[in-house]
Amino acid sequence: MTTVSPAARRALAVGLTLAACLTSSPVLATAAETPAQDSSGAGLDRYYRQHLGWGSCIEGPDDTTGRDLDQAGVQCADVTVPLDYADPRGRTITVAISRLKATDTRHRIGAILLNNGGPGGPALQSPPQARASMKEVGARYDIVGFDPRFIGRSTALDCGLPVGMTWLSAGTGRAGFDRQVALQKSLADKCRATDAAVLPHITTRNTARDMDVIRGTLGERKISFLGYSYGTYLGTVYTQMFPGRHDRMVLDGAINPSDYHPRLLKGTERENEKALSDWAAWAAEHHDTYGLGRSRPEVLAAVDRIVAAAARGPLTIGAGADAFRIDDSQVPLLLFSGIADDTAPARASFGELVSVLAKAAEGRPTTVPPMLVPELRYVLRGEGEPTGAQSAVICGDVAAARDPEIYWRDIERNRIAHPLFGPLTNNINPCAFWDSPREEPTRVRRDAPALIVAATGDPRTTYKGSVELHKQLPSSRLVTLEGANRHALFGRYGNACVDDQVNRYLATGKLPARDRTCVKQAG
């Protein structure tokens, strides 16, 4: 599921940057995956050759993001793309992009495109952060952020869902699972009733096509890419659909494309249990602050008591308009969302939340830390920002099993070894009730040089996923960070070894001669 916008933080923290952490015309598919010139024909020339109206990023008097971008020297524009690439003369939509131009023009390398994950994470706001992460080499790139189709400032999608995240747990028994079946069906129905005309076109393959249009409008023969989490899958798809059009590819926290499917969290249970256990050891050292126990087992027992109490009846945290009732479908999601970052500030924030939940489990009144209120409003109520885009991408990419009993059997099997996270990672979701995808999922059939970055303890896109992608792309190199329970590393975690490896590649275009291993720094 970093220092980006609240929406992007949620996409990384809970998503795959999940919330967590998946058929068009055959003629179109063939044309899109064949090396081509700067224009792609098939009625797409006008999109590739459009003139972009670069200007201020400010959209209104209260637009602090736009103001910050303007002050950083970023300009914004809208790129027009077809809703349906099989019908380029039909309806069009816009993709919002931003650009921080190279200042070292004498040594300019090219343009680099950013994606923060999700699916559903915006990146229009990210060029200043990316330039800081890239250090000296950042001045040699035009750094381009974009909000993928139907995200952020691009043409909008809002299903109006009553929850911001659909990655919920089946709870402790059959009754809870049956409620989930009804809820997840209602979420799919609501999206279909609201946005049926566009849902089939909100896919990773279409976002990759949009990326290539962006490349063309920028006048670049090739484009570099920096993607985190789900962004690694998007980047991989781009290499397969548009070979010869990519330059330097950095894939941080990679997804194995063979494992990309509607239950993206399935298979992450052990890594999440390890991350929770490591956090519990940290919390035990701070018992005087959080009151959860003086040893790892005591803290984990406190977590078990929270889950058991929520199974008996919803826990109430906060008061008034900001009182949240949290049941056993939501508690595992909140626990899952807090363990993808093992830095002290993140652990402290998670400690505050667990402390509040522990008090609620004992029936004591609680106050929700103000910084958590907007996140809880979105995750639990769907308030504050549009909903539905993440489900639309994943459900539109890969078909899901339709029979609820398949999910129930998987939950029951997995619950034995993983009682906390198994009912979450194996649970049914809206994809079981979604219309079938228009295209087949992308498979890796071409090698592509890329630098893959991964932490051994990543609880979202697990380390084994990065290793598998590395095998599928023999020309790639893998930079491993040992000892970190962390999702998304480059420029965000503060590991000098990782950052230096990435920046050296971005500066020279040369991958390391062999895979590299870095070690988590003390403190």
Asker: Mind checking the CG-CG spacing from L251 to L226? Nearest 0.5 Å is all I need.
Answerer: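 The CG atom of L226 is 9.0 Å from CG of L251, to the nearest 0.5 Å.
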Asker: Does any donor atom in the side chain of Y463 or T480 lie under 3.5 Å from an acceptor atom in the other side chain?
Answerer: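 Yes, a side-chain donor-acceptor pair sits under 3.5 Å.
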Asker: Could you walk me through whether N427 and Y407 pass the side-chain contact (heavy atoms from CB on, under 4.5 Å) test, one step at a time?
Answerer: CA-CA 6 Å; N427 196 21; Y407 298 87; 5.6 Å; no
Asker: Any salt bridge linking R415 with E412? Criterion: basic side-chain nitrogen under 4.0 Å from a carboxylate oxygen.
Answerer: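 Yes, charged N to carboxylate O under 4.0 Å.
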Asker: Do T207 and Y238 touch side chain to side chain, with heavy atoms closer than 4.5 Å?
Answerer: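 No, too far: nothing below the 4.5 Å cut-off.
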Asker: Tell me yes or no: between the side chains of T204 and Y230, is some donor less than 3.5 Å from an acceptor?
Answerer: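 Yes, because at least one side-chain N or O of T204 sits under 3.5 Å from a partner of the opposite role on Y230.
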Asker: Please determine whether the number of non-hydrogen atoms from other residues, nucleotides or ligands lying under 6.0 Å from atom CZ of R413 exceeds 12.
Answerer: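 Yes.
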Asker: What are the two closest heavy atoms between V144 and P127, and how far apart are they?
Answerer: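 Minimum heavy-atom contact is C-CG, 4.4 Å.
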Asker: Determine whether the aromatic ring centres of W282 and Y290 lie less than 6.0 Å apart.
Answerer: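 Here the rings of Y290 and W282 have centres that are less than 6.0 Å from each other.
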Asker: Using side-chain contact (heavy atoms from CB on, under 4.5 Å), reason through L265 and T268 one step at a time and then give a plain yes or no.
Answerer: CA-CA 6 Å; L265 306 180; T268 68; 4.3 Å; yes
Asker: What I'd like to find out is whether the side chain of D341 reaches to under 4.5 Å of the side chain of F350, using heavy atoms alone.
Answerer: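 No - every pair of side-chain heavy atoms lies 4.5 Å or more apart.
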Asker: Below 4.0 angstrom, N of the basic side chain to O of the carboxylate: do D252 and R492 qualify?
Answerer: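 No, this pair does not count.
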Asker: With rounding to the nearest 0.5 angstrom, report the CG to CD distance, N485 to E271.
Answerer: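 It is 9.5 Å, given to the nearest 0.5 Å.
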Asker: Please find the pair of heavy atoms, one from T194 and one from C159, that lie closest to each other, and give the distance.
Answerer: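 Of all heavy-atom pairs spanning T194 and C159, the closest is OG1-O, 3.8 Å.
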Asker: Could R263 and D410 be called an ion pair, given the rule that one side-chain N must be under 4.0 Å from one carboxylate O?
Answerer: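 Salt bridge: yes.
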Asker: Shortest non-hydrogen contact from S391 to T166?
Answerer: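 Here S391 and T166 meet closest at OG-OG1, 3.4 Å.
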Asker: Could you check whether D278 pairs with K274 (Lys NZ or Arg NE/NH1/NH2 to Asp/Glu carboxylate O, under 4.0 Å)?
Answerer: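 Salt bridge present between D278 and K274.
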Asker: Do NZ/NE/NH1/NH2 and the carboxylate oxygens of R153 and D63 come within less than 4.0 Å?
Answerer: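 Salt bridge present between R153 and D63.
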Asker: Could you tell me the separation between the CG atom of L424 and the CG atom of N426, rounded to the nearest 0.5 Å?
Answerer: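 Taking CG in L424 and CG in N426, the distance rounds to 9.0 Å.
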Asker: So, S229 and T461: side-chain donor and acceptor under 3.5 Å apart, yes or no?
Answerer: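 S229 vs T461: no donor-acceptor pair found between side chains.
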Asker: Looking only at heavy atoms, what is the nearest atom pair of W434 and R192, with distance?
Answerer: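 Taking W434 first and R192 second, the nearest heavy atoms are CA-NH2, 3.7 Å.
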Asker: So, are K520 and D342 salt-bridged, with charged N and O less than 4.0 Å apart?
Answerer: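 Salt bridge between K520 and D342, a charged N being under 4.0 Å from a carboxylate O: yes.
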Asker: For R209, is there an ion pair with E439 - N to carboxylate O distance below 4.0 angstrom?
Answerer: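 R209 and E439: salt-bridged.
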Asker: Check whether the side chains of T425 and E269 place a donor and an acceptor atom closer than 3.5 Å, and report yes or no.
Answerer: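 Yes.
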Asker: Supply the atom-to-atom distance E375 CD to S349 OG, rounded to the nearest 0.5 angstrom.
Answerer: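 E375 CD to S349 OG: 8.5 Å, rounded to 0.5 Å.
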Asker: What pair of heavy atoms forms the shortest contact from I306 to A361, and how long is it?
Answerer: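 Looks like CA-CB, 4.0 Å.
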Asker: So that I can tick it off, tell me whether D458 and R486 are bridged by a salt bridge, with the cut-off set at under 4.0 angstrom between side-chain N and carboxylate O.
Answerer: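 So R486 does not pair with D458 through a salt bridge.
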Asker: How many angstroms lie between atom CG of D210 and atom OG of S154, to the nearest 0.5 angstrom?
Answerer: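 Rounded to the nearest 0.5 Å, the CG-OG separation comes to 8.5 Å.
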Asker: Establish, from distance only, whether the side-chain atoms of D397 and Y260 form a donor-acceptor pair under 3.5 Å.
Answerer: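 Yes - a donor-acceptor pair under 3.5 Å links their side chains.
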Asker: Run the salt-bridge test on D322 and R377 with the 4.0 Å N-O cut-off and return the result as yes or no.
Answerer: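 Looking at R377 together with D322, the answer is yes, because their closest N to O distance falls below 4.0 Å.
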Asker: Rounded to the nearest 0.5 Å, what separates atom CG in D78 from atom CD1 in I93?
Answerer: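 Taking CG in D78 and CD1 in I93, the distance rounds to 11.0 Å.
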Asker: Find out whether F146 and L124 are in side-chain contact, i.e. whether some heavy atom of one side chain is under 4.5 Å from a heavy atom of the other.
Answerer: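 A side-chain contact under 4.5 Å is absent here.
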Asker: Evaluate S329 against S169 for side chain to side chain donor-acceptor pair (under 3.5 Å), listing each step before the verdict.
Answerer: CA-CA 4 Å; S329 72; S169 174; over 6 Å; no
Asker: Under 3.5 Å, sequence neighbours excluded: what are the donor-acceptor pairs made by side chains of residues 293-302?
Answerer:
{"from": "S295", "atom 1": "OG", "to": "E298", "atom 2": "N", "distance (Å)": "3.3"}
{"from": "R296", "atom 1": "NH1", "to": "S277", "atom 2": "O", "distance (Å)": "3.0"}
{"from": "R296", "atom 1": "NH1", "to": "S277", "atom 2": "OG", "distance (Å)": "2.9"}
{"from": "E298", "atom 1": "OE1", "to": "R294", "atom 2": "N", "distance (Å)": "2.6"}

Asker: Which residues pass the salt bridge (charged side-chain N to carboxylate O under 4.0 Å, His left out) test with D70, sequence neighbours left out?
Answerer: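 Scan of D70 (salt bridge (charged side-chain N to carboxylate O under 4.0 Å, His left out), adjacent residues dropped) gives none.
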Asker: What are the two closest heavy atoms between V163 and L380, and how far apart are they?
Answerer: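 Nearest pair, atom of V163 first, then L380: CG1-O, 3.7 Å.
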Asker: Any heavy-atom pair between the side chains of D158 and T387 that's under 4.5 Å?
Answerer: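 Sidechains of D158 and T387: in contact.
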